[in-house]
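Only heavy atoms go into these numbers, but all of them, side chains included; no hydrogens, no water, no symmetry mates. The chains referred to below are lettered A, B, ... by the order of the sequence lines, with proteins before strands, and numbering in each begins at 1.
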Amino acid sequence: MNELVASFDKQYRGGARVQAELRAPAEGFSVTVLFGPSGSGKTTILRCLAGLERPEHGEIRFGADVWFNAAKAVNLPPQQRGVGYLFQQYALFPHRNVAQNIAYGVPGERSEAAARVESLIEQFELSGLHNRLPRELSGGQQQRVALARAIACRPKLLLLDEPLSALDHTLRQNVRSQLRRWLKQCAAPTLMVTHDRDDAMALGDRIVVLDQGRILQQGPLAEVFARPADETVAKIVGVETVVPGQIVERQAGMAKIAVNATTLWAAADERSPDRVLVCIRGEDVVLTRAAEDASSIRNRLRGRVVSISLEGPVARVMIDCGLQLAATITRPACEELSLQTGDEVYALIKATAIHVVPD
Amino acid sequence: MDWNAAWLTCKLAGATTAVLFALGLPLAVWLSRTRWRGRFLIEAAVALPLVLPPTVLGFYFLQFAGPRGLIGQTFERLTGEMLPFSFFGILLASIICNIPFAVRPFETALSAVDPSLIEASWCLGVSRWKTFWSVTAPLAWPGIVTGLVLTFAHTVGEFGVVLMVGGNIRGVTRTLSITIYDDVQSMDYARANTTAVALLLFSFVVLGITYGLNQGRARAR
């Protein structure tokens with residue numbers, strides 16, 4: 001299996017430092033998300049991969065090709081790496097129209113290149129806009145032109161820097177679903193930078209979590225979201241509840257954990273130490289009014305609603321049940337339960353949904 | 001008006017502009033992109049002719065380019081001629097005097113080009129050279145034209161350095177601005193006035209075109 005293997009150090013004069021140990025598929029369709037708060041070094045990694053920034057140490061290999069090797073003084077210029085780069089603000093050439101922007105850099109015969117441009121214009125729903133200048137386009141159209149231009153040269157690797165951040169909220173929702181389809185048609189491995197959790201979940205296959213210039217964890221998206229390696233990753237990927245606890249009893253892959261005044265059952269590794277952090281994602285918490293008895297759910301906590309905040313289609317409910325627990329439920333569900341601050345509720349959490357990391 | 005001097009002035013201004021386009025543009029490109037810490041020193045050196053009296057430049061030019069100076073001796077060995085009081089002499093001096101008038105507008109215009117456009121071009125496989133001519137230059141051209149026009153116009157109006165370095169030799173170093181000085185010295189005010197009016201109109205038209213160009217460009221954005 002061909003892989004992109006990047007292992008390098010980039011030191012900025014101001015003192016910021018980015019260290020990358022990164023692996024991603026180098027052939028076939030896949031989307032690897034570089035995820036982390038702003039300033040964590042995501043864009044720097046992308047720029048180093050494109051050859052726009054030169055790391056001080058390390059190596060970047062794409063399949064059998066060496067793109068960068070500090071020891072051997074190899075540093076291929078961007079022109080020779082064959083990457084497609086989508087810039088955050090798109091970087092469309094303001095003095096060239098849509099067709100000229102897409103055609104820019106397409107090699108080969110004139111007629112062949114023109115046919116390629118034509119098919120991209122159709123694929124990206126830009127028909128009739130050939131002669132428009134970038135400033136005469138809407139944000140969504142600009143984004144499609146930029147993407148068409150990036151894939152026009154059939155890149156071996158696509159690098160997308162915050163592809164959705166310049167779009168407004170509603171458009172973002174629509175484009176998010178289309179973007180993955182477009183990337184699939186392009187069939188090139190893609191690395192995408194985002195700090196938006198919804199973008200990451202909707203678009204990614206694999207995720208690389210960064211913070212302060214370091215890669216903290218990488219792997220299949222679902223795995224990283226469900227099993228963050230430590231507290232920082234948990235916070236970054238958005239596991240809402242992270243509390244310290246003490247394992248007081250173990251039986252058959254299960255652990256009984258004392259958290260403040262309550263106890264929780266969680267699936268836990270035999271080898272995990274006794275002092276742990278308990279991670280619970282908001283959407284894994286079920287709220288009910290009545291204490292049902294027979295169910296498969298191991299954890300049933302009685303508590304009081306501390307606060308309810310509405311965020312778009314979801315409601316984030318904070319419950320005090322011996323620990324501060326965050327639950328994310330849909331807005332209709334919240335209304336059906338007619339939840340009010342101060343109400344008594346039961347929070348149900350499956351033991352397998354509780355993730356335990358060493359403290 | 002002295003048509004001989006007018007032709008010489010045009011030749012000097014044209015040559016100065018051409019040389020500063022060829023040499024000043026690469027310097028401006030480098031200044032606009034470099035992250036080198038010592039850049040400010042080069043920028044200060046580029047701006048020096050703006051503040052130095054032409055006599056200072058002329059004095060040092062004579063020191064270095066004169067028969068005892070290194071540059072002067074080398075030039076003499078190569079061509080058998082002296083640099084001071086020759087057309088090449090005033091051309092060289094005029095190039096040095098005009099560096100800021102060319103390089104500063106070039107640099108301002110080039111720095112204003114969004115670097116991500118240039119990087120986008122590189123990532124699309126287009127060489128640095130071709131990127132400059134198909135992305136950077138088309139976006140910076142009002143500034144580049146401004147620099148060229150200012151250089152030309154400023155050379156036409158140059159007086160101090162040309163007089164110090166070139167003296168006043170008809171057909172060799174006597175430019176229009178020097179003929180005005182001559183005419184005033186010999187009390188021929190009418191003739192001085194003709195040349196002065198011509199230079200005034202020329203300068204105004206040239207600056208008018210430059211500012212008009214930049215204003216039109218700003219509105220189009």
Side-chain angles (χ1 to χ4, degrees), chain A residues 12-14 43 46-54 67 76-96 100-108 113 117 133-136 142 145-162 166, chain B residues 25-26 28-43 105-106 108-147 212-221:
Chain A
Y12 282 101
R13 201 179 282 154
T43 299
L46 223 54
R47 291 177 59 82
C48 287
L49 293 176
L52 297 171
E53 233 35 93
R54 187 195 174 116
W67 281 358
L76 283 195
Q79 287 90 342
Q80 287 171 30
R81 297 195 183 191
V83 300
Y85 198 115
L86 184 74
F87 288 81
Q88 197 172 356
Q89 302 297 330
Y90 311 139
L92 293 174
F93 304 126
H95 58 304
R96 292 173 169 261
Q100 288 167 336
N101 259 285
I102 298 173
Y104 189 89
V106 176
V117 170
L133 289 173
R135 64 164 178 270
E136 299 164 338
Q142 288 183 15
V145 175
L147 195 59
R149 186 181 68 177
I151 67 175
C153 306
R154 303 184 197 279
K156 290 183 278 187
L157 174 70
L158 255 183
L159 303 171
L160 314 181
D161 191 359
E162 300 269 7
Chain B
L25 202 53
V29 170
W30 178 76
L31 280 173
S32 68
R33 295 285 170 245
T34 184
R35 296 180 207 169
W36 181 50
R37 284 171 195 227
R39 191 189 74 170
F40 72 98
L41 288 173
I42 307 293
E43 285 192 301
F106 291 172
T108 308
L110 293 170
S111 316
V113 175
D114 181 355
S116 67
L117 297 178
I118 295 163
E119 291 173 346
S121 172
W122 294 348
C123 287
L124 291 165
V126 176
S127 70
R128 282 171 176 253
W129 177 256
K130 215 179 145 215
T131 297
F132 180 79
W133 293 111
S134 57
V135 177
T136 320
L139 292 172
W141 74 266
I144 293 172
V145 171
T146 301
L213 195 73
N214 282 296
Q215 187 177 322
R217 180 75 182 180
R219 205 175 291 144
R221 284 234 165 121

For this session: List the atom of Pro94(A), the atom of Leu117(B), and the distance in Å for their closest heavy-atom pair.
Result: CD-CD1, 3.7 Å

Problem set entry | Nearest heavy atoms of Ala120(B) and Arg149(A), plus distance in Å | CB-NH2, 3.6 Å

For this session: To the nearest 0.5 angstrom, please state how far the NE2 atom of His95(A) sits from the CG atom of Leu139(B).
Result: 4.5 Å

Exercise. Is there a side-chain contact between Phe93(A) and Ser121(B), using heavy atoms and a 4.5 Å cut-off?
Worked result: yes

For this session: Output the distance between atom CG (Leu52(A)) and atom CD1 (Ile118(B)), rounded to the nearest 0.5 Å.
Result: 11.5 Å

For this session: Below 4.5 Å from any heavy atom of chain B, which atoms of Leu92(A) appear? Answer side chain, backbone, both or neither.
Result: backbone

For this session: Evaluate the criterion side-chain contact (heavy atoms from CB on, under 4.5 Å) for residue pair Ser134(B) and Arg96(A); output intermediate values, then yes/no.
Result: CA-CA 10 Å; Ser134(B) 57; Arg96(A) 292 173 169 261; 3.8 Å; yes

